[in-house]
Amino acid sequence: MEEGGSTDSGGSDSSTSGSGGAQQRELERMAEVLVTGEQLRLRLHEEKVIKDRRHHLKTYPNCFVAKELIDWLIEHKEASDRETAIKLMQKLADRGIIHHVCDEHKEFKDVKLFYRFRKDDGTFPLDNEVKAFMRGQRLYEKLMSPENTLLQSREEEGVKYERTFMASEFLDWLVQEGEATTRQEAEQLCNRLMEHGIIQHVSNKHPFVDSNLLYQFRMNFRRRRRLMELLNEKSSSPQETHDSPFCLRKQSHDNRKSTSFMSVSPSKEIKIVSAVRRSSMSSCGSSGYFSSSPTLSSSPPVLCNPKSVLKRPVTSEELLTPGAPYARKTFTIVGDAVGWGFVVRGSKPCHIQAVDPSGPAAAAGMKVCQFVVSVNGLNVLHVDYRTVSNLILTGPRTIVMEVMEELEC
């Protein structure tokens, strides 16, 4: 409501805003559940929890045993106990993401019953919201490929925003990629994406128009979601910023400071950029790590420089000084379906800024504040984190990293 607006007008706006806000929160919630479910599905396929199974001489393709899955969730610290695991899977069932293979059980049970992800049998319900979400996710993945340079750091009205695209260039790209046959059709697609909360103007001031205005995706589809987030029904969760930890990606950003971060939320969670095809994401604070549940916030990210986890600056020369209180360790980390699970920051030397507690790096023994010595046999003590990120990105899925950590006094 504008200053000086009438009482009647204000009341009407408030009602509409409240209704629209509730609908938007529901769309945000649905999107988070869809991404969480898809990340879990990929992990279960990779670890062969999902596979073809036989029962009474009949083969049920691409399914999992409920009891075995609950064991897996507890083993991988996705659930603290069996009751919690059941609640988590029931959330996915209620959203139509998983179902009993014969649809004879609506409740998820801790027994030897076969369940399946609907995406694996083609029964996933595709309403308008889901179609818009899946279209947006596909476009996001294409834009995040290392060959694509459409997403850039840009300024609008004196404010710098990360991972933006210019409306006119985006329309050209949509036509070029065959996502639309004409610019008019491409613009209609963008308006649908805005209506469903997939993209937004960087400062939320304008609808989508064919212009030089800047827009962003409102969520990071690659942030590693924790299943426990499904039980968090609060709508006032921390704002989504487009960079979260545990992904390694080629990115052109501000070169003024090698230790700069892409963005930070008001709660000072660290939102770090980093991988394309193998990304795993969460949120990390300067005192360690924790899980959060960012939503499709209407507030765009701005560049900030969150505090490093290091207590003091350390040089490469100090690490290599004979008798220095540092110990060398070597980790072999095999990336899973959503990433390796760590973030490097800093320069000469780089250090481990964040580690996903449920990721491959944590399982290998990696910890924050360790200094990166080498990646796959190549010494990286005298380069910055962008170079290290690129080495990991362009290398094999299995990486061997040598680190140094300070000895406890």
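Heavy-atom minimum distance, Val355 versus Met366: CG1-O, 3.9 Å. Heavy-atom minimum distance, His351 versus Val309: CD2-CG2, 4.0 Å. Between Val314 and Pro349 the shortest heavy-atom distance is O-CD, 3.1 Å. Lys160 approaches Ser153 most closely through the heavy-atom pair CE-CB, 3.5 Å. Summarising the geometry of Leu143 relative to Leu150, their closest heavy-atom pair is CD2-CD2, 3.5 Å, with the distance given to 0.1 Å. Looking at every heavy atom in both residues, Tyr161 comes nearest to Ser203 through OH-CB, 3.8 Å.
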Where do Val380 and Cys350 land on the side-chain contact (heavy atoms from CB on, under 4.5 Å) test, with the steps shown first? CA-CA 8 Å; Val380 294; Cys350 301; over 6 Å; no

Begin with the C-alpha distance, continue with both residues' side-chain angles, and end with the deciding distance and a verdict on salt bridge (Lys or Arg N to Asp or Glu O under 4.0 Å) for Glu406 and Lys311. CA-CA 11 Å; Glu406 189 170 9; Lys311 296 179 181 179; over 6 Å; no

side-chain contact (heavy atoms from CB on, under 4.5 Å) between Leu391 and Arg386: does it pass, once the steps are laid out? CA-CA 9 Å; Leu391 282 174; Arg386 296 183 183 89; over 6 Å; no

Under the criterion side-chain contact (heavy atoms from CB on, under 4.5 Å), I'd like the reasoning laid out for Ile74 against Ser80: C-alpha separation, chi angles, the key distance, then a yes or no. CA-CA 6 Å; Ile74 294 174; Ser80 56; over 6 Å; no

Assess the residue pair Val343 and Gln353 against the criterion (side-chain contact (heavy atoms from CB on, under 4.5 Å)); give the C-alpha distance rounded to whole Å, side-chain angles, the decisive distance to 0.1 Å, and a yes or no. CA-CA 6 Å; Val343 173; Gln353 177 73 23; 4.3 Å; yes

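Residues Glu147 and Lys142 are not paired through a salt bridge, judged by the lack of any N-O separation under 4.0 Å between the basic side chain and the carboxylate. Using a 4.0 Å cut-off between a side-chain N of Lys or Arg and a carboxylate O of Asp or Glu, Asp103 and Arg118 qualify as a salt bridge. Ionic pairing of Arg138 and Glu141 is not present here: no N-O contact between side-chain nitrogen and carboxylate oxygen is shorter than 4.0 angstrom. A salt bridge does not link Lys112 with Glu68: every distance from a Lys NZ or Arg NE/NH1/NH2 to an Asp or Glu carboxylate oxygen is 4.0 Å or more. Between Arg312 and Glu318 there is a salt bridge, since a side-chain N of the basic residue sits under 4.0 Å from a carboxylate O of the acidic one. Lys367 has no carboxylate O lying under 4.0 Å from a charged side-chain N of Glu405, or vice versa, which leaves the two without a salt bridge.
For the pair Thr36 (side chain) and Glu32 (backbone), a donor-acceptor distance under 3.5 Å is present. Judged by distance alone, with hydrogens and angles left aside, the side-chain atoms of Ser389 form a donor-acceptor pair with the main-chain N or O of Tyr385 at under 3.5 Å. With Arg135 contributing its side chain and Arg192 its backbone, the two residues share no donor-acceptor pair below 3.5 Å. Looking at Asp384, its side chain does come within 3.5 Å of a backbone N or O of Thr387 through a donor-acceptor pair. Between the side chain of His100 and the backbone N or O of Cys102, at least one donor-acceptor pair lies under 3.5 Å. Of the possible polar contacts, none joining the Asn62 side chain to the Lys51 backbone as a donor-acceptor pair under 3.5 Å is found.
One distance of note links CG of Asp110 with CD1 of Ile86; it measures 4.5 Å at 0.5 Å rounding. Rounded to the nearest 0.5 Å, atoms NE2 (His201) and CG (Asn204) are 8.5 Å apart. Taking CD from Gln152 and CG from Leu214, the interatomic distance works out to 11.0 Å, rounded to the nearest 0.5 Å. A distance of 11.0 Å separates CD of Gln188 from CG of Leu171, quoted to the nearest 0.5 Å. Separation of atoms CG (Asn148) and CD (Glu177) is listed at 7.5 Å; rounding is to 0.5 Å. Atoms CD and OG, on Glu187 and Ser211 in that order, are 8.5 Å from each other to the nearest 0.5 Å.
By the 4.5 Å heavy-atom criterion applied to side chains, Asp356 and Phe342 are not counted as neighbours. Two residues are said to be in side-chain contact when any heavy atoms from C-beta on lie closer than 4.5 Å; Leu213 and Glu156 meet this criterion. At least one side-chain heavy atom of His382 sits less than 4.5 Å from a side-chain heavy atom of Glu317. A heavy-atom distance below 4.5 Å is found between the side chains of His99 and Asp121. Counting heavy atoms from C-beta on, the side chains of Leu113 and Val65 never come closer than 4.5 Å. In this structure, Leu139 and Glu179 have side chains that are in contact, with non-hydrogen atoms separated by less than 4.5 Å. Asp81 places a side-chain heavy atom less than 4.5 Å from the side chain of Glu83. Side-chain contact between Arg183 and Asp210 is present, with at least one heavy-atom pair separated by less than 4.5 Å.
Residue pairs that meet the ring-ring contact (aromatic ring centres under 6.0 Å, His included) test with at least one member in residues 66-94, sequence neighbours left out, are Trp72-His76.
Relative orientation of the Tyr115 and Phe108 rings is tilted, given thresholds of 30° and 60° on the angle between their planes. Ring pair Phe371/Tyr326 is perpendicular by interplanar angle, where above 60° counts as perpendicular and below 30° as parallel.
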Going by atom type alone, with no hydrogens or angles, which donor-acceptor pairs under 3.5 Å involve a side-chain atom of residues 372-379 and a protein atom two or more places apart or on another chain?
| from | atom 1 | to | atom 2 | distance (Å) |
| --- | --- | --- | --- | --- |
| Ser374 | OG | Glu402 | OE1 | 3.4 |
| Asn376 | OD1 | Val400 | N | 2.8 |
| Asn379 | OD1 | Leu381 | N | 3.0 |

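A cation-pi arrangement is absent between Arg53 and Tyr60, since the terminal nitrogen or guanidinium carbon is not both under 6.0 Å from the aromatic centre and inside a 45° cone about the axis.
Of the N and O atoms on the side chains of Asp120 and His45, at least one donor lies less than 3.5 Å from an acceptor on the other residue. The closest side-chain donor-acceptor pair between Gln216 and Thr164, if any, does not fall under 3.5 angstrom.
Annotation: Glu47, atom CD; neighbour count of heavy atoms from other residues, nucleotides and ligands within 6.0 Å is above 12.
Between Phe64 and Phe114, the ring centre distance reaches or exceeds 6.0 Å. Taking the six-membered ring where the residue is Trp, the centroids of Phe208 and Tyr215 are separated by under 6.0 Å.
With sequence neighbours excluded, the residues forming a side chain to side chain contact (heavy atoms under 4.5 Å, CB included) with Asp94 are Gln90, listed by chain and number.
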